[in-house]
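What follows is a short report on a single structure.
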Amino acid sequence: MKQTRTVRQSIVVSAVLLSVLFFLPLAVIEPFRAELFGRETPVEESEPEVGKLDGEVMLQVLNGDTVEEMNLGTYLMGVVRAEMPASFEEEALKAQAVAARTYTLYKIETGGNHGDTADICTDSTCCQAWISEQSARENWGDQADTYAEKIETAVRDTDGQVILYDGAPILAVFHSSSAGLTRASGQVWLNDLPYLQAVDSPEPEDAIPNYYSRAEFSAEEFKSRVMQAYPEADLTGEISTWIQNPVTDEAGSVETVTIGGITMKGSQVRTILGLRSACFEWETEGDTLIFYVTGYGHGVGLSQYGANEMAKEGADWLEIVTHYYTGVTVGPYTPAALQAP
């Protein structure tokens, strides 16, 4: 009997020792697993929190060749990430979010560009630029968490807010920077809209990248570009006589100018020559035309750098949007096409 008890004790002791030998290395290694094996325990990323109103609106978004379904809040976060520097003031980011929301709903309300395929897209030349949070974080580096939170806050704190004129969403266009005065839509495009009028814009020129730019064209290159758009233009004779009769606004943006006998809008010249804006002057040096350009973008609606400067001076997002868009109101709005049955 005593021998049996001794054997059982030996077995128990052996089991304990084996357990210690097995688990002790794991206890030692676990705190240093990442350093030893070069990877960390995966962390699940939560979806950004969106507001109630934006979360109720579902969109079909054409992203490249794929149509993705996402709520309005998620889509707007991607737009603000892509369209405005995340380093900007919070109130400027909020103004951008409201403009982007309004532009999106205007597109949907007026039929958009994609028929039954999608409500909106991620192509800046067609709708609005858009970037995923992951791609944005890679661009932001060490500031990723701070910038991501700023963008989410800008969209969430303006949940559902839309810029309205006569009770409907406006064409809330925006641009990077003006020449100190935005432009009326009729100066740039065909239609003059009452809420897209010229207003003063504080532009911190020293803080804006490439606020002043220069573009040079040889006589042959200039002639080729103009003739491609206007084959009837007469670009003979001295190069110094090709451009005449400029009409400008008080900030220097070209409203109309005559090139080769053809009168065209400054915005058309900007497109033909690929200039950064229609606020330009020019001179000739031998057989070369040199353009000196101020600002960036079409100049209509909200100026992003102007909005940021207003925010720095203490303006909130509502003051910013009602400054840049004339005679508007701001409030919740859901297009009939997106309303629940």
Side-chain angles (χ1 to χ4, degrees), residues 83-85 88 124-125 129 173-190 196-230 233-310 312 324:
E83 292 283 9
M84 178 174 275
F88 274 22
S124 63
T125 63
V173 291
F174 46 88
H175 60 281
S176 178
S177 60
S178 73
L181 182 73
T182 66
R183 309 194 71 202
S185 60
Q187 294 176 293
V188 179
W189 303 308
L190 292 177
L196 292 177
Q197 298 300 309
V199 299
D200 291 333
S201 183
E203 305 289 342
E205 55 189 73
D206 293 338
I208 302 176
N210 301 311
Y211 185 66
Y212 298 108
S213 58
R214 170 182 167 131
E216 295 187 12
F217 303 90
S218 67
E220 286 305 312
E221 182 181 5
F222 181 84
K223 182 184 295 186
S224 174
R225 288 180 178 240
V226 173
M227 296 291 284
Q228 187 173 0
Y230 293 94
D234 179 13
L235 295 176
T236 57
E238 293 292 327
I239 189 173
S240 59
T241 66
W242 289 358
I243 308 176
Q244 297 179 350
N245 307 322
V247 176
T248 63
D249 63 22
E250 60 186 81
S253 292
V254 175
E255 295 189 5
T256 60
V257 66
T258 301
I259 299 181
I262 306 296
T263 298
M264 57 190 78
K265 289 189 173 184
S267 57
Q268 293 173 299
V269 179
R270 178 200 174 208
T271 299
I272 292 170
L273 300 180
L275 304 177
R276 287 174 61 84
S277 84
C279 183
F280 59 80
E281 297 177 336
W282 69 91
E283 67 178 6
T284 59
E285 288 186 3
D287 286 335
T288 301
L289 273 163
I290 305 172
F291 288 80
Y292 302 95
V293 187
T294 302
Y296 183 34
H298 49 62
V300 183
L302 181 141
S303 163
Q304 293 171 317
Y305 276 92
N308 195 50
E309 189 66 15
M310 286 185 67
K312 287 181 178 180
Y324 282 106

With sequence neighbours excluded, what pairs up with [X] under the ring-ring contact (aromatic ring centres under 6.0 Å, His included) test?
X    : result
Y230 : none
F174 : none
Y211 : none

Of all the heavy-atom pairs spanning [X] and [Y], show the shortest one and how long it is.
X    : Y    : result
A229 : I272 : CB-CD1, 3.8 Å
T294 : S277 : O-OG, 2.5 Å
R183 : S253 : NE-CB, 3.5 Å
A233 : V226 : CB-CG1, 4.1 Å
S178 : L181 : OG-N, 3.5 Å
S267 : V188 : OG-O, 2.9 Å

Only pairs at least two apart or in different chains count here, so list each salt bridge (charged side-chain N to carboxylate O under 4.0 Å, His left out) that has a residue in residues 211-224.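 Checked against salt bridge (charged side-chain N to carboxylate O under 4.0 Å, His left out) - neighbours excluded - the pairs reaching residues 211-224 are R214-E216, E221-R225.
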Qualifying salt bridge (charged side-chain N to carboxylate O under 4.0 Å, His left out) pairs, either residue in residues 199-210, two or more places apart: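 Non-adjacent pairs meeting salt bridge (charged side-chain N to carboxylate O under 4.0 Å, His left out): zero.
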Donor-acceptor contacts, no H, no angles, side chain residues 254-265, under 3.5 Å, sequence neighbours left out:
residue: E255; atom: OE2; partner: Q187; partner atom: NE2; Å: 2.8
residue: T258; atom: OG1; partner: T263; partner atom: OG1; Å: 3.2
residue: K265; atom: NZ; partner: G186; partner atom: O; Å: 2.8
residue: K265; atom: NZ; partner: W189; partner atom: O; Å: 2.5

Working to the nearest 0.5 angstrom, can you tell me the gap between E309 CD and F88 CZ?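 Interatomic distance, E309 CD to F88 CZ, rounded to 0.5 Å: 10.0 Å.
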To the nearest 0.5 angstrom, please state how far the CG atom of N210 sits from the OG atom of S177.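 Answer rounded to 0.5 Å: 9.5 Å.
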Taking side-chain contact (heavy atoms from CB on, under 4.5 Å) as the test, write out the residues that go with [X], two or more places apart.
X    : answer
T271 : none
E283 : E285, I290, Y292
S240 : E238, T284

Can you list every ring-ring contact (aromatic ring centres under 6.0 Å, His included) pair that touches residues 249-272, not counting sequence neighbours?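 The answer is none; no pair qualifies.
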Counting N and O atoms only, with roles assigned by atom type, does the side chain of [X] sit under 3.5 Å from a partner on the main chain of [Y], one being a donor and the other an acceptor?
X    : Y    : result
H175 : L302 : yes
T182 : V199 : yes
S176 : G297 : no
Q304 : E83  : yes

Between Y324 and S201, do the side chains contain a donor N or O and an acceptor N or O under 3.5 Å apart?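 Yes - a donor-acceptor pair under 3.5 Å links their side chains.
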Which residues satisfy the salt bridge (Lys or Arg N to Asp or Glu O under 4.0 Å) test with E281, sequence neighbours excluded?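 Once residues adjacent in sequence are excluded, E281 has no partner under the salt bridge (Lys or Arg N to Asp or Glu O under 4.0 Å) criterion.
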May I ask you to test the F222-I243 pair for a side-chain heavy-atom distance under 4.5 Å?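 When only atoms from C-beta onward are counted, I243 and F222 do touch, with a gap below 4.5 Å.
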Listed partners of Y296 passing side chain to side chain donor-acceptor pair (under 3.5 Å), at least two apart: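 With neighbours one apart ignored, the set is empty.
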